Amino acid sequence: MPTEKHIALRIGLTGGIASGKSEVARRLAEHGAIVIDADQLARAVVAAGTSGHAAVVARFGPEVVGTDGELDRQLLGRIIFSDADARAALNDIVHPLVRERAADAESQAPPGAIVVHDIPLLVETGQLGDFDLVIVVAASPDAQLARLVEHRGMDPAEAAARMAAQASLAEKIAAADVVIDNDGTLEELGAAVRECWEHLQAAALARMA
């Protein structure tokens, strides 16, 4: 969709699991971007008491509900990352609800804002045409695997399965207008984000002129 008149740029931000995308989003927000986090919205639309929660339970059974009434995300994750059909079914429930919430959040952005939609499955869900620019945070598969095992405590096999469920690094880079490399230090990442922000500001000014 084209950029709405009241905002300057609509940006799609993506990257593989454990690529550092969330850190990039946080830093862009510090620079002044309005960040809309699809992961946060995905949790909200299936919270206990929502229509999304009811739909997930109807599809996957009451065993995916924890003792607190919320979805057992670890159990649900094991189910969907070992079964492509189950993963597609969950996406069919969650993604339309997330897009509705994201559109509402964007409508509340201030005039002239640069709005960044942080979407892990941006490439996989065919949303590239919805954005003025696509930013991909790139990390090598070895770095992703190490971060999942060392920082998130995942079993290597589970980590590999989650990585395999996403588009490859090459596919993501092919879809990018801007690539931010995150195989280096946090200082290097910070410099890359600053450079990216300057690029976004210049593009926003050009569009709003």
Side-chain angles (χ1 to χ4, degrees), residues 1-47 50-52 91 93-139 166-167 169 171-209:
M1 74 182 69
T3 299
E4 299 293 339
K5 290 183 179 179
H6 79 283
I7 66 173
L9 280 179
R10 176 184 289 112
I11 306 299
L13 172 67
T14 194
I17 187 170
S19 64
K21 176 182 55 60
S22 295
E23 179 66 17
V24 169
R26 185 185 70 78
R27 290 171 182 253
L28 286 172
E30 289 179 349
H31 284 298
I34 303 298
V35 175
I36 299 172
D37 187 330
D39 268 350
Q40 289 183 359
L41 296 180
R43 287 189 287 272
V45 300
V46 295
T50 64
S51 61
N91 289 342
I93 294 169
V94 174
H95 289 171
L97 298 172
V98 168
R99 292 180 190 183
E100 182 179 341
R101 291 279 188 101
D104 180 63
E106 182 179 292
S107 72
Q108 299 177 46
I114 296 175
V115 178
V116 175
H117 290 261
D118 179 353
I119 306 176
L121 300 180
L122 174 61
V123 175
E124 294 86 342
T125 53
Q127 298 181 69
L128 295 172
D130 292 347
F131 301 97
D132 300 308
L133 290 169
V134 172
I135 300 170
V136 169
V137 183
Q166 298 185 339
L169 178 59
E171 290 170 321
K172 290 181 184 293
I173 288 176
D177 297 294
V178 177
V179 176
I180 295 178
D181 179 80
N182 190 28
D183 273 339
T185 65
L186 284 175
E187 290 75 16
E188 290 169 333
L189 181 64
V193 173
R194 284 194 298 273
E195 182 179 350
C196 176
W197 180 247
E198 291 170 1
H199 173 70
L200 296 181
Q201 286 183 304
L205 287 173
R207 283 181 175 268
M208 298 295 284

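What you see is a predicted model; the values in this text were computed from it and never measured.
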Would you call Arg194-Glu198 a salt bridge at under 4.0 Å N-O?
no
Might you work through the side-chain contact (heavy atoms from CB on, under 4.5 Å) test for Arg27 and Leu186, ending with a clear yes or no?
CA-CA 11 Å; Arg27 290 171 182 253; Leu186 284 175; 4.0 Å; yes
Applying side-chain contact (heavy atoms from CB on, under 4.5 Å) between Ile135 and each of Leu200, Val116, Asp177, report the one that passes.
Leu200
Any donor-acceptor N/O pair, Glu106 side chain to Val115 backbone, under 3.5 Å:
no
Between Asp118 (side chain) and Ala38 (backbone), is there a donor-acceptor pair under 3.5 Å?
no
Would His31 and Ile114 count as a side-chain contact (heavy atoms from CB on, under 4.5 Å) if you check the C-alpha gap in whole Å, the side-chain angles of each, and the deciding distance to 0.1 Å?
CA-CA 10 Å; His31 284 298; Ile114 296 175; over 6 Å; no
Check against side-chain contact (heavy atoms from CB on, under 4.5 Å), Asn182 and Val24:
CA-CA 9 Å; Asn182 190 28; Val24 169; 5.9 Å; no
I'd like to know if Arg99 pairs up with Asp130 as an ion pair, taking the criterion as any Lys NZ or Arg NE/NH1/NH2 lying under 4.0 Å from an Asp or Glu carboxylate oxygen.
no
Asn91/Thr125 under side-chain contact (heavy atoms from CB on, under 4.5 Å): CA gap, chis, key distance, verdict:
CA-CA 9 Å; Asn91 289 342; Thr125 53; 5.7 Å; no
Contact check, side chains of Val45 and Thr50, non-hydrogen atoms, under 4.5 Å
no
Any chance CD of Glu30 has more than 12 other-residue heavy atoms, nucleotides or ligands included, within less than 6.0 Å?
yes
When you measure from the side chain of Glu124 to the backbone of Ala167, do you find a donor-acceptor pair of N or O atoms at a distance under 3.5 Å?
yes
Got a donor-acceptor contact below 3.5 angstrom from the Glu23 side chain to the Gly20 backbone?
no
